[in-house]
2 protein chains.
Amino acid sequence: MDEAGQGDRPDGDGALFRAARIQDVARLADVSTATVSRALATPERVSPEARARVLEAIAKTGYVPNPAARTLRSQKTYMVLVVLPDLSNTFFSKILRGIEETLFEAGYGMIISDLDGSPAKEAHFAAFTAAGRVDGAILLNGHLFGQSRDGEGQPARITIPLVALCEAIPGADIPQIEIDNRAAASRMTQHLAGLGHSSIAYVSGPAINVLERERFQGFKEGLQAAGLPYDPALVIPGDYTIEAGVAAGERLVAQATRPTAVFCTSDEMAIGLMRTVLSAGLRVPEDISVAGFDDIDFAAVAEPSLTTIRQPRRELGQAAATALIDLLQGRTTPKRIRLETELVVRDSVAPLPR
Amino acid sequence: MDEAGQGDRPDGDGALFRAARIQDVARLADVSTATVSRALATPERVSPEARARVLEAIAKTGYVPNPAARTLRSQKTYMVLVVLPDLSNTFFSKILRGIEETLFEAGYGMIISDLDGSPAKEAHFAAFTAAGRVDGAILLNGHLFGQSRDGEGQPARITIPLVALCEAIPGADIPQIEIDNRAAASRMTQHLAGLGHSSIAYVSGPAINVLERERFQGFKEGLQAAGLPYDPALVIPGDYTIEAGVAAGERLVAQATRPTAVFCTSDEMAIGLMRTVLSAGLRVPEDISVAGFDDIDFAAVAEPSLTTIRQPRRELGQAAATALIDLLQGRTTPKRIRLETELVVRDSVAPLPR
DNA sequence: AAGTTGCATGTAATCGATTACATAGGGCGG
DNA sequence: CCGCCCTATGTAATCGATTACATGCAACTT
């Protein structure tokens, strides 16, 4: 054994505490460190007796393998990087929870990077992955490291498994987990049209965004399916934020002739927009119907409650984590996973009054 | 398809790509690995010439120090654990952003643990810190590892620096970063009373919660300062969620005699409550004034917009991260940091009509 | 009975940095 | 001119696990 009482457990005398190492466990169980390691990693390759002694010694010492040492040797970190554009956005945080849950169950930890639109951070995290700090990454930001959103620039040389979540990354040969944005947008558009609305405004996301492109496509398809013409004048630019919704609302109330329905491509925008048009004295849905997208928690308690498209956010996170874990553990995973959305009908949309 | 293609260096010859190690840099700069290490960690202890050669070699090779090796030897991870009760809650996610920002600037990474009320996860993360996976932790959950919220149980032996954020941890000798919940609640109560309300309901947080205790105390103090009696019948139990607000609202509308104002201790509850009372045909604020707490983004666009207490969430996160970094780097930090809140007057509260 | 196979285990190399200690050389005081 | 100190640098130990390889032994084959 070590000097005097080896590391001295404090339970009792308050001596200095030193975490147990594999060596301590090995000594206590009267086996080699190799056997301890095997008892944990590949129990079937160790005799039941040895295993029992090892487990007992581990329980007694409170041994926890040192992750740095383990990583250094095995080149595995059991850490996953999650890259997202805005941590403070409700939409992402529920997805994160799904990710975290699943990773946790599989024994992985999660490191979060809020890019915040900063190229410096992006470079940093690219180096991060290159340095072997994580085994894999889930990208929620719609583009690869070092590449701008429109696909320009050299993607950094990342050699670890990646998974794209929500925003598909065009041209990247990695699994994509998403919803069918086009179909969902089309469905909502047809829902509005089916209620008699023929003048439907569309509040967009950022133009470069993949989601936006798909939803916009879906919007146009929906119009077409309903036999309505597409009028570019009814497209109001937005960026998914509450403020953008407020701005869009101001633009609407200022107009002489107004659409009878507005399809906002995020609930935040829908809520901001409703707020503005209500303040201007219009009624929702009597004077104007408003639809959202995402079904965030506040959609159900907005005033009026918001008709929207529900995205299974938690499940999206879980699916992405599962896909990544599959890759990390050498299994295969589908290149594209699409989860179902749901049209949630509430009070902010009404039939066009006669 | 892994071999041959993936893993080999695209720039040029297609030789196998292997991340540069300190050895490679040392060779290229014609110095020892010790000098490379010193050139990075303590540049002033290396001659300018050697430093220049090292930096050049690093640029050329794209060398990034292997964190596992560094950690193993130096016992520093440059990682911070953030423990929080609910990742999907808007309130926390904005705080997280403040934390992440500050940690990032100081060269630290962030690992997030969403406890989700699970003791198993808690044990896991306690082991996590014990295993030296992080240098320090920020606790947003109001209690120490292994200790239930009411302070029972042995706190796990955590030997790394900790900081408590938002929810002070009674009895723990660690820096606490928070707002003055009592003063803020008292202020809001007096605001309501000052508008003529003498029957003010209070929708509480979870009873065991430290925030709740302080806010409740502040509520009672505010009543007293305004010369109003405290009536236990006007206290409605809640837990900060939208659903709790909805439930509280249902309870209110069912009552024969109603208070003229309601102070909800979270914006989520206020919004849920408003929704319910509005649906029941009451008007806010004409029939009943509603106040919230936190000033989340949706407070400003609620219908009506919500009078509330603004917590500087981003700054809280930044302050906690700064305090922790100070501790990690051997500096001292105040035991208690209190950030200012602000009473935000909007439309959900009105003077008591004559 | 000799040879083969395979299991359980131990020995020691290894991962890639940091850092304690050793050493060489240059400047300076006496 | 000698010795001392200080600076810059190199050598090698070290962090704590995993794992390639070696070994001993029992069981099984022929």
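Owing to the predicted nature of the structure, the values given are computational and were not obtained by experimental measurement. Note on naming: letters A, B, ... go to the chains in the order of the sequence lines (proteins, then strands), and numbering restarts at 1 for each one.
- Among the protein residues, B:V36 comes within range of no part of the nucleic acid, since none of its heavy atoms lies under 4.0 Å from any strand.
- Spacing between atom CZ of A:R70 and atom C1' of C:dT14 amounts to 16 Å, rounded to whole angstrom units.
- Listed by chain and residue number, nothing satisfies the side-chain hydrogen bond (donor to acceptor under 3.5 Å, both in side chains) test with B:R45 (two or more places apart in sequence, or in another chain).
- The minimum heavy-atom distance between A:L96 and A:L87, with the atom names listed, is CD1-CD1, 3.7 Å.
- Between B:P161 and B:L324, the closest heavy-atom pair is O-CD1, 3.7 Å.
- Distances from the side chain of B:N66 to the nucleotides C:dG16, D:dA17, D:dA20 place C:dG16 closest.
- Contact annotation: A:T35 side-chain N/O to C:dG10 OP1/OP2 distance is under 4.0 Å.
- Between the side chain of B:D135 and the main chain of B:V80, no donor-acceptor pair closer than 3.5 Å is present.
- The shortest distance between the side-chain N/O atoms of A:Y63 and the OP1/OP2 oxygens of D:dA17 is below 4.0 Å.
- Looking at residues two or more places apart in sequence or on another chain, you find a side chain to side chain contact (heavy atoms under 4.5 Å, CB included) between A:E56 and A:K60.
- The stretch residues 23-38 of chain B participates, sequence neighbours left out, in these salt bridge (Lys or Arg N to Asp or Glu O under 4.0 Å) pairs: B:R18-B:D24, B:R21-B:D24, B:D24-B:R27.
- Contacts between residues 71-80 of chain B and DNA chain D, defined by a heavy-atom separation under 4.0 Å, are made by B:L72, B:R73, B:Q75.
- For the segment residues 40-52 of chain B, the set of residues with a heavy atom within less than 4.0 Å of an atom of DNA chain D comprises B:R45, B:V46, B:S47, B:A50, in numerical order.
- Applying the side-chain hydrogen bond (donor to acceptor under 3.5 Å, both in side chains) test to A:D114 and every residue at least two apart in sequence or in another chain returns B:R97.
- The shortest heavy-atom contact between A:A137 and A:I160 is N-CD1, 4.3 Å.
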I'd like a list of close polar pairs between nucleotides 24-28 of chain C and the protein, N/O only, cut-off under 3.5 Å.
none

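- Applying a 4.0 Å cut-off to non-hydrogen atoms, the residues of residues 21-30 of chain B that approach DNA chain C are B:R21, B:I22, listed by residue number.
- Sorted by first and then second residue, the salt bridge (Lys or Arg N to Asp or Glu O under 4.0 Å) pairs with a member in residues 71-85 of chain A form an empty list; sequence neighbours excluded.
- When the side-chain hydrogen bond (donor to acceptor under 3.5 Å, both in side chains) test is applied to B:R314, the partners found at least two apart in sequence or on another chain are B:E101.
- Pairs of residues two or more places apart, or lying in two chains, never qualify as ring-ring contact (aromatic ring centres under 6.0 Å, His included) while including a residue from residues 44-68 of chain B.
- Residues meeting the side-chain hydrogen bond (donor to acceptor under 3.5 Å, both in side chains) test with A:S37, sequence neighbours left out: none.
- Between A:A69 and B:L72, the shortest heavy-atom contact is CB-CD1, 3.7 Å.
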